[in-house]
Amino acid sequence: MLAVARPLVRVAPRHALRAAGVSTWSHVPAGPPDPILGVTEAFLRDKDSRKINLGVGAYRDENGKPYVLTSVQKAEELLTAEKLDKEYLPIAGLPSFTKAAAKLAYGAEQKHVQEGAVAVVQSISGTGALRIGGAFLARFYPHSKTIYLPVPSWGNHTPIFRDSGLEVKGYRYFDKGTVGLDFAGMKEDLKNMPEKSIVLLHACAHNPTGVDPTPEQWIEISDIIREKGHFPFFDMAYQGFASGSTVRDAFAVRHFVAAGHEIALSQSFAKNMGLYGERVGAFSVIAEDPEQKARIESQLKIVIRPMYSNPPLHGARIAGTILNRPELYTEWEQEVKGMADRIISMRERLYDNLVRLQTPGEWGHIKRQIGMFSFTGLTQPQTKALAEKAHIYMTADGRISMAGLNNGNIDYFSESVSKAVKGEL
Amino acid sequence: MASAETWDGVPLAPPDSIFKLTAAYKEDTYPQKINLGVGAYRDDDNKPWVLPVVKKATELLLHDPALEHEYLPITGLPEFTNAAARLMLGSDSPVLAEGRVTSVQTISGTGANHLGALFLSRFYSWPEGKKEIYLSDPTWVNHFAIFRNVGVEPRTYPYYDPATIGLAFSAFIDALKNAPSHSVFLLHACAHNPTGVDPTREQWGEIADVILAKGHYAFFDCAYQGFASGDLEGDAWAVREFVRRNVPMLVCQSFAKNAGLYGERVGALHIVSPSAPAATRIKSQLSVLQRSEISNPPAHGARLMALILNSPELFEEWKRDIRTMAGRIIAMRDELHGLLTDKYKTPGNWDHIVNQIGMFSFTGITPEQSQALTEKAHIYLTTNGRISMAGLNSHNIEYFAGSLDKVVRGQL
């Protein structure tokens with residue numbers, strides 16, 4: 001029998017090798033899979049019927065399905081009936097949307113909002129807002145080119161800020177021992193940072209831990225930051241989604257501004273309006289007066305124009321419609337509360353299950369944490385085992401998206417976690 | 001605390017130059033004013049035109065029970081990017097069959113240019129390590145900012161010859177020959193912006209010859225496929241010819257004009273590699289770059305375009321809508337040419353009006369004449385004499401031709 005060696009790799013035809021610059025890209029290495037979005041890819045490849053995706057932070061309803069808000073559906077129908085054109089938006093985005101976004105974040109009655117002293121631009125969701133902000137700060141913040149992130153933070157923060165031209169450092173935030181806030185460590189690090197540092201703060205529903213400061217702790221944080229002259233850069237991706245109340249979730253942002261801080265803010269409407277893929281967000285800076293606002297906005301436009309010229313229409317029109325029409329706004333607020341409430345009920349059920357299964361360890365943090373995510377405290381080997389043996393997918397750091405749990409899968413999940421912790425998977 | 005002085009050093013940036021023109025036009029109360037600065041299609045009543053096929057696709061999408069707003073993959077909607085690649089390169093393209101093309105959905109043409117420039121700035125083996133891009137003189141004004149923004153310094157190559165109001169071909173070829181080997185040249189695939197002057201197929205062949213001989217890299221910007229001549233396949237000729245000849249290249253693709261999707265921001269970047277494994281590696285690196293800027297691209301416009309590209313009936317309807325737009329532009333060119341040449345007998349040769357292609361035309365008038373048109377006749381155009389043919393229609397073309405005639409004769 002003839003043994004024919006089969007080439008493992010198909011070599012490109014000779015004419016291609018000769019001409020298309022065979023050396024042009026031969027040195028380009030494979031980039032790593034995204035640690036968060038890669039989880040969904042692995043989930044999609046899995047064929048087991050029990051599989052659960054607890055990776056990406058996208059809300060799922062009681063049946064594990066994506067949830068299109070009825071306020072969003074209504075807004076879309078209204079917009080289609082208006083037969084609007086598709087002309088380019090201004091570089092800074094849809095004015096009716098950006099104005100409303102600022103009101104939502106800061107409060108309609110807030111002084112800077114009323115006086116036209118909030119520089120605000122539409123962005124490609126939260127990622128885009130952070131990127132615009134990072135680039136603006138790297139160019140114009142006079143006192144530092146370093147940004148301090150809580151440890152841990154959303155994985156994408158680091159590459160966003162690094163690529164914007166900032167150095168990235170950390171401050172203590174999560175206490176593994178208590179599975180809660182390391183408040184003493186956080187305060188110490190804020191005090192020890194060089195004066196006038198840029199500090200990134202998660203406005204509510206910290207990602208990935210779900211651990212938020214209390215209002216009293218926020219006030220202390222604000223005082224320290226004032227003492228040190230630091231610059232607060234808030235990331236608010238979950239307004240309304242954390243507690244169910246858009247006002248309550250904006251407490252930290254509004255307190256800081258009321259206390260006289262001039263902040264920057266990244267807002268996302270991906271989760272609270274379920275507009276994920278439409279990429280709806282806003283970046284804003286509290287300015288001194290309209291003249292300073294104009295100067296800042298003019299430079300934000302210079303950041304935006306060479307990256308993508310102007311932002312996408314569709315999502316901003318939907319969000320603007322909801323925010324500017326009282327009936328839709330009310331309906332939306334109720335839907336956000338509904339989503340937040342379901343998450344909270346899943347937290348309670350998961351806690352009850354884990355306790356009932358006599359899972360070793362303390363699990364109170366599941367109920368104390370807030371928002372879409374929970375830092376379970378599971379170790380990397382445990383999360384790996386859960387993926388491989390139980391077909392349950394989460395990020396390697398043990399973060400789960402509570403939104404992926406429902407009454408149909410929470411028992412299987414609880415049992416699998418209990419087994420994983422006991423080493424019985 | 002972050003105080004009033006924090007932003008003292010932020011200067012007021014000058015507004016976009018086109019913005020000033022548009023603002024001045026809006027404020028003008030003259031009844032016969034004309035806006036020829038607009039880079040967007042207008043119908044014969046000077047209204048924006050949402051393509052009928054886009055309206056159909058919108059209804060289909062809205063009434064699809066499976067409609068949701070979930071995140072797209074980082075590299076975009078596959079039904080869109082695959083179809084966009086087939087549109088650009090030809091559905092029977094061998095490079096597609098061989099898996100040698102990396103396609104990523106981008107925020108329209110600007111996003112594709114930016115991502116392509118960023119990728120090159122990180123991974124291209126620049127001659128002597130110097131990051132430089134050769135842009136045509138003139139080119140779309142935003143090209144300069146796009147490349148500078150990612151640390152690639154723009155240089156220019158001769159392109160437009162004011163003496164002939166045509167292509168400075170031999171100077172162009174010389175520039176290709178004299179640039180260091182393995183330089184990166186930005187080429188407009190069709191309907192050159194702002195001049196409307198395109199190389200002939202023969203000239204494209206010679207351009208490819210030199211590019212191959214010098215090992216240059218071709219950075220194609222294709223914002224007007226179909227819109228230039230009315231024929232999608234024909235307008236892709238230069239890109240496909242370069243692919244056929246194995247020129248190292250990428251293509252930036254925009255659906256802003258040809259599908260009238262402007263503000264929905266629909267585009268794609270296609271990078272052609274020597275091998276499928278290279279294409280896969282490149283895709284992973286583009287994902288990393290995309291993730292730290294936008295995470296994933298906007299869904300709506302891509303979904304509309306995917307419906308149109310993947311449905312035979314909608315695709316045919318789209319082609320008809322394109323022919324409507326391109327046809328109206330071409331008719332305006334013919335009519336303007338006729339008015340200047342036959343009716344007014346305006347001094348000079350005006351054949352370039354019909355020889356140029358696409359939305360824009362370089363009239364050949366001087367900055368002073370352009371300004372006079374604006375100040376005396378309330379006709380708004382950029383000072384380089386560029387007009388947007390889309391701004392002309394059956395109601396205003398006489399007034400424009402008459403005013404142009406006067407300004408050329410110095411009678412305005």
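Naming: A, B, ... by sequence-line order, numbering from 1 per chain.
Taking the charged nitrogens against the carboxylate oxygens, B/Arg122 and A/Asp163 do have a contact shorter than 4.0 Å, which makes a salt bridge. The pair A/Arg60-B/Glu70 meets the salt-bridge criterion, with a side-chain N (NZ, NE, NH1 or NH2) lying under 4.0 Å from an Asp/Glu carboxylate O.
For the set B/Ile294, B/Val95, B/Leu72, the count of heavy-atom pairs under 4.5 angstrom toward chain A peaks at B/Ile294. For the set A/Ala58, A/Ser222, A/Pro311, the entry with the most heavy-atom pairs within less than 4.5 Å of chain B is A/Pro311. Per-residue heavy-atom pair counts under 4.5 Å with chain A were compared for B/Pro297, B/Pro15, B/Ala302, and the maximum is reached by B/Pro297. Considering only heavy-atom pairs separated by less than 4.5 Å from chain A, the leading option among B/Val54, B/Val150, B/Leu286, B/Asn142 is B/Asn142. Between chain A and the options B/Thr110, B/Val266, B/Ile282, the largest number of non-hydrogen pairs under 4.5 Å is found for B/Thr110. Of the residues considered (B/Ile146, B/Val288, B/Thr280), B/Ile146 shows the highest number of contacts with chain A, using heavy-atom pairs under 4.5 Å.
Using a 4.5 Å cut-off between heavy atoms, B/Ser287 makes no contact with chain A at all. For chain B, no part of A/Val280 is nearby; none of its heavy atoms comes within less than 4.5 Å. Residue contact with chain A, scored on non-hydrogen atoms closer than 4.5 Å, is absent for B/Pro73. Residue B/Phe242: no heavy atom, backbone or side chain, is found under 4.5 Å from chain A. Only the side chain of B/Ile271 comes within contact range of chain A, judged by heavy atoms closer than 4.5 Å. Heavy-atom distances place no part of B/Phe147 under 4.5 Å from chain A, backbone and side chain included. With a 4.5 Å cut-off on non-hydrogen atoms, A/Pro29 touches chain B through its backbone and its side chain both. In this structure, chain A has heavy atoms under 4.5 Å from both the backbone and the side chain of B/Val10. Contact annotation for A/Asp34: only side-chain heavy atoms (C-beta onward) come within less than 4.5 Å of a heavy atom of chain B. For chain A, the nearby parts of B/Asn296 are the backbone and the side chain; heavy atoms of each come within less than 4.5 Å. Of the atoms belonging to A/Ile296, heavy atoms from both backbone and side chain fall under 4.5 Å from chain B. When heavy atoms are compared at a cutoff of 4.5 Å, A/Leu130 does not approach chain B at all. For chain B, the nearby part of A/Ile286 is the backbone; its heavy atoms alone come within less than 4.5 Å. Both the backbone and the side chain of A/Ser309 come within contact range of chain B, each with at least one heavy atom under 4.5 Å from a heavy atom of that chain. B/Leu62 touches chain A through its side chain: at least one heavy atom from C-beta onward sits under 4.5 Å away, while N, CA, C and O do not. Heavy-atom distances place no part of B/Val243 under 4.5 Å from chain A, backbone and side chain included. Only the side chain of A/Arg139 comes within contact range of chain B, with heavy atoms under 4.5 Å apart. Within the 4.5 angstrom heavy-atom criterion, only side-chain atoms of B/Ile74, from C-beta onward, approach chain A. A/Lys293 does not touch chain B: none of its heavy atoms, backbone or side chain, sits under 4.5 Å away. Looking at A/Leu69, there are no atoms closer than 4.5 Å to chain B (heavy atoms on both sides), in backbone or side chain.
Residues A/Ser298 and B/Pro11 approach most closely at OG-O, 3.8 Å, considering heavy atoms. Of all heavy-atom pairs spanning B/Tyr71 and A/Ala270, the tightest one is OH-CB, 3.7 Å.
The CG atom of A/Asp85 lies 14.0 Å from the CH2 atom of B/Trp49; values are rounded to the nearest 0.5 Å. To the nearest 0.5 angstrom, B/Asp8 atom CG is 6.5 Å from A/Arg295 atom CZ. Rounded to the nearest 0.5 angstrom, A/Glu297 CD and B/Leu12 CG are separated by 11.0 Å. In this structure, the separation between OG1 on B/Thr6 and NZ on A/Lys196 is 7.5 Å, given to the nearest 0.5 Å. In this structure, CG in A/Leu275 is found 12.0 Å from CD in B/Glu68, a value given to the nearest 0.5 Å.
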query: Could you go step by step and tell me if A/Val68 and B/Leu67 meet the side chain to side chain contact (heavy atoms under 4.5 Å, CB included) rule?
result: CA-CA 8 Å; A/Val68 179; B/Leu67 171 67; 5.8 Å; no

- prompt: Given B/Glu293 and A/Thr127, is the side chain to side chain contact (heavy atoms under 4.5 Å, CB included) satisfied, shown in steps?
  reply: CA-CA 6 Å; B/Glu293 293 192 355; A/Thr127 303; 5.9 Å; no

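Within 6.0 Å of NZ in B/Lys214 there are more than 12 heavy atoms belonging to other residues, nucleotides or ligands.
Side-chain contact between B/His69 and A/Glu76 is present, with heavy atoms from C-beta onward closer than 4.5 Å. You'll find the side chain of B/Ser108 stays beyond 4.5 Å of the side chain of A/Tyr308, heavy atoms only. A 4.5 Å side-chain heavy-atom check between A/Met307 and B/Asn149 finds at least one atom pair inside the cut-off.
Formation of a donor-acceptor pair under 3.5 Å by the A/Glu87 side chain with backbone atoms of B/Pro48 is not found in this model. No side-chain donor-acceptor contact under 3.5 Å links B/Ser292 to the backbone of A/Ile160. A/His27 places a side-chain N or O within 3.5 Å of a backbone atom of B/Phe123 that can act as its donor or acceptor partner. Side-chain atoms of B/Gln285 do not come within 3.5 Å of backbone N or O of A/Val28 as any donor-acceptor pair. Listed for the A/Asn156 side chain is a donor-acceptor partner under 3.5 Å among the backbone atoms of B/Arg291.
With no hydrogens or angles considered, a side-chain donor-acceptor pair links A/Asn310 and B/Arg265 at under 3.5 Å. Defined by atom type and a distance below 3.5 Å, a donor-acceptor pair is missing between the side-chain atoms of A/Glu77 and B/His63. Between the side chains of B/His300 and A/Glu278, no donor-acceptor pair of N or O atoms lies under 3.5 Å.
Taking the six-membered ring where tryptophan is involved, the planes of A/Phe136 and B/Trp7 are tilted, since the angle between them lies from 30° to 60°.
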